[in-house]
Amino acid sequence: MNITKANGKAEYALIDNLKKRAGETDEKITQIVTNIINAVKEQGDEAVREFTVRFDGAVPKKTIIEKDELQQYLDMVDEDFKSAVINAKNNIYDFHSRQAQQSWMTTQENGVIMGQRVRGLKRVGIYVPGGTAAYPSSVLMNAIPAKIAGVEEIIMVTPPGKDGSPNPDIMAAAAVAGVDRVFLVGGAQAVAALAYGTEKIPKVDKIVGPGNIFVATAKKLLYGVVDIDMVAGPSEILIVADKTAKPAFLAADLMSQAEHDKLASSILLTTSSDIAKSTAREIEKQIKHLARQEIIEASLNDFGEIIVCEDLEQAIKFANELAPEHLEMCVEEPLKYIGKIDNAGSVFLGNFSPEPLGDYYAGPNHVLPTSGTARFFSPLSVDSFIKKSSFIYYTEAELRKAKDDIVKLADTEGLTAHANSIKVRFE
């Protein structure tokens, strides 16, 4: 990895380079996905079958797995895996259950009643990649907050394997997370089917979950027809380290994100030149033993950097500007910096809180804002699966007291019918 010294310019040039990764979707891909969406909207299941054959080779004999059938997959998977999934589920549930909001109502002495009703969405769709990019952890992270929010039905779509059968690890995770139905279909056609509904696949209110560029583009184009979680960019990690950090840990954590994608970004900010050099050597040492070495090397070469900062204040200022998806604070007293980190999807404190802890197990959600959007977006949460409506009750006497103010505001805006709606009640 390249090592540079922060000078107020070099490090910010890096941000400009990273922004290039999140450019506009290729016009050809947008057109392909648009055609798929329109076909599914008009032809329903017939179009879904046609695209499945075209892109996946064949339609599986069994395309729907009901909730009671999911339980059988728990007996097909490795016992240690099943135990790990259950333990992770418990942690994720415990963390997200604290996010649940309650409806409320206030009654004033003058008889006015106001409040807010909170309830879960009726039906949510979860997209889960299949094949080599199978992520059971994503099933847990997307389904569990939805269950806590009170979503009535969770529909999952996932492409089958080449033999037409589902990935048993994903199915086991779906059983543990409480998914209601699974449809063995993937790609943009699955997203479109969830958005518009077909004879077999029900229409949902929101679509969440990761996917390839075709899936991501479909979600983006269908936003407004349904809600989506977010338009996710390449994965990223920023590590802030002082002289007490362990270079072996830093190198391992940087590469844990770099292996996701050649476009992934891994950046180390450190106050120590020795730590910078030792970390670079550790990367060269450890990478030889990693399965996705080619991807890691491409990611680190194009979008990785080690930057030596004057002090931690300079590093944290840069971190807030970058607004990374994952931020590790590998410093002597990490807890003292929580209040200074304003822009980050998820923050990992100390040398023994590596990013994969959050990806799989600790409890906070791993669906996080990327590409600097942590400045204004939040992680997936229970809030992502609820809707709110307010209610108002006024007595005649209280409306009479307020009528002149309301009429004045309406007239000022030129909305005379609004003003009349108030005045007519007191003529």
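Because only heavy atoms are used, hydrogens play no part in the values below, and waters and symmetry mates are left out as well, while side chains stay in. All residue numbers refer to positions in the sequence shown, counting from 1.
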In sequence, state the C-alpha distance, the side-chain angles, and the governing distance for K401 and D405, and then conclude on salt bridge (charged side-chain N to carboxylate O under 4.0 Å, His left out). CA-CA 9 Å; K401 291 179 184 178; D405 286 344; over 6 Å; no

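- N351 places no side-chain N or O within 3.5 Å of a backbone atom of A245 that could act as its donor or acceptor partner.
- For M76, the CE atom is densely surrounded, since the number of other residues' heavy atoms within 6.0 Å is greater than 12.
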Could you go through I338 and V347, starting from their C-alpha distance and side-chain angles, then the distance that decides it, and tell me whether this counts as side-chain contact (heavy atoms from CB on, under 4.5 Å)? CA-CA 8 Å; I338 294 176; V347 182; 6.0 Å; no

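- A side-chain donor-acceptor contact under 3.5 Å links E236 to the backbone of S371.
- At distances below 3.5 Å, at least one donor-acceptor pair connects side-chain atoms of T270 with backbone N or O atoms of A241.
- Enclosure of atom CD in Q116 by more than 12 non-hydrogen atoms of other residues, nucleotides or ligands within 6.0 angstrom is indicated.
- Nearest heavy-atom pair, P60 versus T63, reported as atom, atom and distance to 0.1 Å: O-CG2, 3.4 Å.
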side-chain contact (heavy atoms from CB on, under 4.5 Å) for V231 and T370? Distances and angles first, verdict last. CA-CA 9 Å; V231 179; T370 62; over 6 Å; no

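- Smallest separation of non-hydrogen atoms from G358 and H366: O-CB, 3.9 Å.
- With a 6.0 Å radius and a threshold of 12 heavy atoms from other residues, nucleotides or ligands, Y360 has its OH atom at or below the threshold.
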What verdict does the side-chain contact (heavy atoms from CB on, under 4.5 Å) test give for L222 and I228, after you've listed the backbone C-alpha separation in whole Å, the side-chain angles of each residue and the deciding distance to 0.1 Å? CA-CA 8 Å; L222 287 164; I228 63 172; 5.9 Å; no

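- A distance-only check finds a donor-acceptor pair linking the side chain of N365 to the backbone of M141 [under 3.5 Å].
- Salt bridge annotation for E69-K62: present, with a cationic side-chain nitrogen under 4.0 angstrom from a carboxylate oxygen.
- Under the 4.0 Å criterion applied to side-chain N and carboxylate O atoms, K122 and E153 are not assigned as salt-bridge partners.
- Using modelled atom types, one finds no donor on one side chain facing an acceptor on the other under 3.5 Å when comparing N38 with E42.
- Although no hydrogens or angles enter the test, the distance criterion places a donor-acceptor pair under 3.5 Å between the side chain of T52 and the main chain of V48.
- Y12 OH: more than 12 foreign heavy atoms inside a 6.0 Å radius.
- A donor-acceptor pair under 3.5 Å links the side-chain atoms of S299 to the main chain of A264, judged by distance alone.
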Dump the intermediate steps for side-chain contact (heavy atoms from CB on, under 4.5 Å) on I239 and D253, then the final yes or no. CA-CA 8 Å; I239 304 177; D253 295 355; 3.8 Å; yes

Before you tell me yes or no, could you show the steps for Q101 and D383 under side-chain hydrogen bond (donor to acceptor under 3.5 Å, both in side chains), namely the whole-Å CA-CA distance, both residues' side-chain angles and the distance that decides it to 0.1 Å? CA-CA 8 Å; Q101 297 188 43; D383 289 348; 2.8 Å; yes

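- Between A173 and V85 the shortest heavy-atom distance is CA-CG1, 4.3 Å.
- Counting all heavy atoms, side chain and backbone alike, L70 lies closest to V179 at CD1-O, 3.6 Å.
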I would like to know whether S389 and R119 meet side-chain hydrogen bond (donor to acceptor under 3.5 Å, both in side chains); could you show each step before the answer? CA-CA 9 Å; S389 57; R119 66 267 192 212; 2.7 Å; yes

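- Using a distance-only test at 3.5 Å, with no hydrogens or angles considered, a donor-acceptor pair links the side chain of D26 to the main chain of K28.
- Residue-environment remark: CZ (F376) exceeds the threshold of 12 foreign heavy atoms within 6.0 Å.
- A salt bridge is absent between R375 and D342; no separation between the charged side-chain nitrogens and carboxylate oxygens falls under 4.0 Å.
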Before giving the answer on salt bridge (charged side-chain N to carboxylate O under 4.0 Å, His left out), spell out for E321 and K317 the whole-Å C-alpha distance, their side-chain angles and the decisive distance to 0.1 Å. CA-CA 6 Å; E321 186 71 26; K317 180 182 178 181; over 6 Å; no

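- The minimum heavy-atom distance linking K203 with A195 is given by the pair CG-O, 3.4 Å.
- Counting only N and O atoms by type, the side chains of Q257 and S266 include no donor and acceptor under 3.5 Å apart.
- There is a side-chain donor-acceptor pair under 3.5 Å between S235 and E325.
- Remark: I392 CD1 is loosely packed, at most 12 non-hydrogen atoms of other residues, nucleotides or ligands lying under 6.0 Å away.
- Listed for the S384 side chain is a donor-acceptor partner under 3.5 Å among the backbone atoms of S381.
- Of the listed residues (D205, I386, I154), just one forms a side-chain contact (heavy atoms from CB on, under 4.5 Å) with L121, and that residue is D205.
- Within the 3.5 Å criterion, the main-chain N or O of V118 finds a donor-acceptor partner in the side chain of S103.
- Q293 and E297 are linked by a side-chain donor-acceptor pair at a separation below 3.5 angstrom, with hydrogens and angles left out of the test.
- Considering all non-hydrogen atoms of both residues, D261 and I295 come closest at C-CG2, 3.6 Å.
- Taking the side chain as every heavy atom from C-beta outward, R292 and H260 never approach each other to under 4.5 Å.
- A cation-pi arrangement, defined by a distance under 6.0 Å to the six-membered ring centre and an angle within 45 degrees of its axis, is present between K206 and F385.
- Side-chain rings of F214 and F55 stay apart, their centers remaining 6.0 Å or farther from each other.
- At distances below 3.5 Å, not a single donor-acceptor pair connects side-chain atoms of N142 with backbone N or O atoms of L380.
- Within a 6.0 Å sphere centred on CD of E66, other residues, nucleotides and ligands contribute more than 12 heavy atoms.
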Could you walk me through whether E79 and K82 pass the salt bridge (charged side-chain N to carboxylate O under 4.0 Å, His left out) check? CA-CA 5 Å; E79 282 296 322; K82 180 166 71 173; 3.3 Å; yes

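- Between E50 and R54 there is a salt bridge, with a side-chain nitrogen of the basic residue lying less than 4.0 Å from a carboxylate oxygen of the acidic one.
- Geometrically, K423 does not engage F426 in a cation-pi contact, judged by NZ or CZ lying under 6.0 Å from the ring centre and within 45° of the ring axis.
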